[in-house]
Amino acid sequence: MKAVNPFFRILNKTLSVIIFPLKTQWPFIIVMTLLGALFASYMVVRAVLLPAWPIAFWCSSSSFFIAYCLSCTFAWLPGRWRTGVKIFWYIIGFAMCIIDFIGDQVFGMPISFRMYMLMVETTGEETAGFFKMFGPKIMTYGLILLAILGLILFCLERYQKKIKSWFRPWLKTVCYIVFFVLMTFGAIQALSPFKILCKNGSLEGWAWNQAANGRLEFMNTWHKCIVAIGYISKNGNEFTEWLDFNKQVLTAPVETTESRDNLAVYFVIGESFIRSHSPLYGYPLPTTPSQSSEFDKGNLIPFSNIWSTAKTTSPSIKNLLNLSDISQGETLAQGAFFPLILKNAGYDVKMFDHQKVNGTFCDASLLSFLYNDLLLKECYSYVADPQDGDLDNDFIERESDHLYDSNDKQFYIVHLSGQHFPFDKIPENDARFKHFSPADYTSRNDTWLTENKRQLIADYDNITLYNDFVIGNMLKKLEDKNAIVVYFSDHGEEVYDYRDNAGRAAPPAAGLPDAYKEAMYHLPFWIWISPELKQADPRLYETIEKYSARFGSLDDIGNAMLNIAGVKSPFYRADRDILSMDYKVPESLKTVEGLTIERKL
């Protein structure tokens with residue numbers, strides 16, 4: 001008898017060990033692959049038009065690899081132990097799959113860091129209301145999905161011997177080939193979540209970018225859980241570093257200019273304001289009469305080249321309130337929270353955040369950032385408590401005693417609901433804000449425009465008119481004060497302006513990258529100076545007017561605010577202050593979503 005080569009003996013033994021879980025636990029591997037890749041399989045159907053089948057293949061192969069690895073945890077265990085561990089993994093797999101699928105179908109939010117933030121920050125009362133509203137729909141989807149997957153599991157486990165007997169030798173060979181192909185590609189792809197979590201810079205930026213472009217949908221459920229949990233951990237570490245960094249701000253030396261001793265600075269953050277829908281930037285319809293009037297008087301100076309760093313509220317506001325520079329790859333933990341510097345310099349800092357109530361699920365992480373213990377105790381002297389159902393003007397009027405209360409050094413942060421989709425936050429029965437109608441857009445011959453879409457454009461322009469009314473009322477009350485107002489939107493919006501799309505969910509249109517950047521990131525930004533302040537400090541007005549065409553981002557605004565407030569701090573950077581003669585105009589800007597915005601002359 002011919003001796004077997006030791007190498008082949010070892011190879012044969014190794015292959016037998018590798019294949020053993022596949023031979024004995026193949027129903028488990030099939031079901032767990034399905035549970036991990038179900039959402040991606042759903043995307044495969046949609047991918048016919050994308051096309052994205054290669055991404056879906058990577059997702060399915062990595063899910064297969066993970067399912068195989070899980071089978072290895074119990075394949076060699078004795079009976080009861082094997083059954084127990086297998087049931088444990090089934091429960092985990094079923095739970096994740098159902099959460100992932102229901103999260104997308106009911107809320108448009110599959111498993112992600114945003115879902116985890118929402119779960120962590122939701123109170124018991126909110127949870128009760130949540131299930132009251134969505135409970136029936138969740139139960140329906142959940143039971144249907146559970147029944148289908150449960151039936152597949154029952155059939156495979158109950159009749160696995162019979163099914164196995166159908167396999168012919170050639171079919172087994174095909175299965176082994178498929179097995180090794182999936183294992184090879186799956187092992188490579190299995191490393192992807194760990195590569196992501198080892199990234200330097202803004203993990204939040206990566207995550208928003210993936211979510212915005214649908215790429216998180218193509219990750220298998222197991223990977224999404226790993227990335228989400230890893231994000232929460234890394235975000236927590238970054239937040240701790242941010243807190244430690246900003247505690248230094250409290251003891252850092254500051255100097256102030258005497259001429260600013262009675263200055264009131266209003267830092268007004270709008271919402272979803274499309275720059276091209278403002279007459280200040282060439283829009284033909286009169287959507288901003290109050291702002292246009294102040295411009296004609298010479299009190300309002302529009303800036304022509306300011307861009308947002310994000311197309312969503314949370315990362316945009318986090319970055320603009322911090323002195324870190326996302327274009328240079330800096331994280332939040334590498335910059336000071338500039339209102340805290342103003343507080344340390346003697347300014348009374350007050351927060352009026354209308355979206356504290358009206359914010360969406362995805363603003364949960366922003367709320368936890370803006371209202372952490374450090375800022376509540378050391379930064380804000382007052383935090384407004386908006387009422388649910390308030391419109392912007394209701395909110396501002398209710399807070400007027402606190403908003404226009406003193407001639408001392410004041411810094412007011414005002415965050416409006418603005419023109420947030422679906423453009424309905426206006427007084428219901430006030431004809432002043434029903435000014436625009438579909439008839440105003442009949443001259444547009446875009447093929448995608450229907451009567452309903454023209455109505456949505458009219459709704460947007462009407463809410464822009466209401467937003468102008470709110471701002472106009474504020475400016476009237478500040479005319480006789482030593483006041484300055486800095487107004488801008490946190491990001492842009494789309495409402496059928498250059499393609500068949502409304503909102504910010506859609507990715508950039510093929511062949512129209514510049515139009516997309518214009519809509520999402522190029523912002524309306526202006527500074528208003530009261531007649532009293534203009535007379536008292538004409539050099540400030542001249543400086544603002546001189547530099548109003550500079551190319552910059554909202555990330556640069558914090559340094560400019562310190563300049564306007566007359567505050568000198570070791571955290572101030574003149575090269576990033578758009579109102580400084582030492583400002584270094586960047587050649588390009590980076591957004592949280594990873595896009596590059598080239599300098600425009």
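What's counted below: heavy atoms across the whole structure, side chains too, no hydrogens, waters or symmetry copies. The first residue in the sequence is number 1, and the count goes up from there. Because the structure is predicted, anything quoted here is derived from the model rather than measured.
Side chains of Leu416 and Ile396 form a contact here, defined as non-hydrogen atoms less than 4.5 Å apart. Taking 4.5 Å as the limit, some side-chain heavy atom of Ile578 sits within range of a side-chain heavy atom of Ile557. The closest side-chain heavy-atom distance from Asp468 to Thr287 is not below 4.5 Å. Residues Trp307 and Phe551 form a side-chain contact, since some pair of their non-hydrogen atoms from C-beta on lies under 4.5 Å apart. With contacts defined as side-chain heavy-atom distances shorter than 4.5 Å, the pair Met520/Glu494 qualifies. Counting heavy atoms from C-beta on, the side chains of Leu320 and Thr309 never come closer than 4.5 Å. For the pair Leu370 and Leu321, the minimum side-chain heavy-atom distance is below 4.5 Å. Under the 4.5 Å side-chain criterion, counting only non-hydrogen atoms from C-beta, Leu595 is in contact with Tyr521.
Atom-to-atom distance recorded for Asp373:CG and Leu243:CG is 9.0 Å, nearest 0.5 angstrom. Put simply, OG on Ser489 and CG on Leu523 are 6.0 Å apart, with the number rounded to the nearest 0.5 Å. In this structure, the separation between CD on Gln291 and CZ on Phe469 is 13.5 Å, given to the nearest 0.5 Å. Of the inter-residue distances, the one linking Leu374 atom CG with Tyr380 atom OH reads 9.5 Å to the nearest 0.5 angstrom. Separation of atoms CZ (Phe525) and CD1 (Ile306) is listed at 5.5 Å; rounding is to 0.5 Å.
Salt-bridge annotation for Arg573 and Glu330: present, with a side-chain N of the basic residue lying under 4.0 Å from a carboxylate O of the acidic one. At a threshold of 4.0 Å, the pair Lys247-Glu378 does not count as salt-bridged, since none of the basic side-chain nitrogens sits closer than that to a carboxylate oxygen.
Nearest heavy-atom pair across Met474 and Val414 is CE-CG2, 4.5 Å.
Heavy atoms of other residues, nucleotides or ligands lying less than 6.0 angstrom from OH of Tyr281 number more than 12. The local environment of NZ in Lys453 is crowded, with over 12 non-hydrogen atoms from other residues, nucleotides or ligands closer than 6.0 Å.
No donor-acceptor contact under 3.5 angstrom links the side chains of Ser272 and Gln419, judged on distance only. Neither side chain, Ser276 nor Glu518, offers a donor N or O lying under 3.5 Å from an acceptor on the other.
Tyr382 and Phe352 have tilted rings, their planes meeting at an angle from 30° to 60° on a 0 to 90° scale. The aromatic rings of Phe395 and His354 lie parallel to each other, their planes meeting at an angle below 30°, with 60° marking the opposite boundary. Ring pair Tyr487/Trp526 is parallel by interplanar angle, where below 30° counts as parallel and above 60° as perpendicular. Using cut-offs of 30° and 60° on the angle between ring planes, the pair Phe369 and Trp242 is tilted.
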Inset, instruction - Would you please test Ser304 and Arg275 for side-chain contact (heavy atoms from CB on, under 4.5 Å) and show each step? - result: CA-CA 10 Å; Ser304 60; Arg275 182 180 182 273; 4.2 Å; yes

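In this structure, the side chain of Asp392 engages the main chain of Gly418 through a donor-acceptor pair within 3.5 Å.
Residue Tyr460 forms a ring-ring contact (aromatic ring centres under 6.0 Å, His included) with just one option from Tyr496, Phe273, Phe423, Tyr466, and that option is Phe423. With respect to Phe267, the ring-ring contact (aromatic ring centres under 6.0 Å, His included) criterion is satisfied by exactly one of Tyr347, Phe488, Trp528: Phe488.
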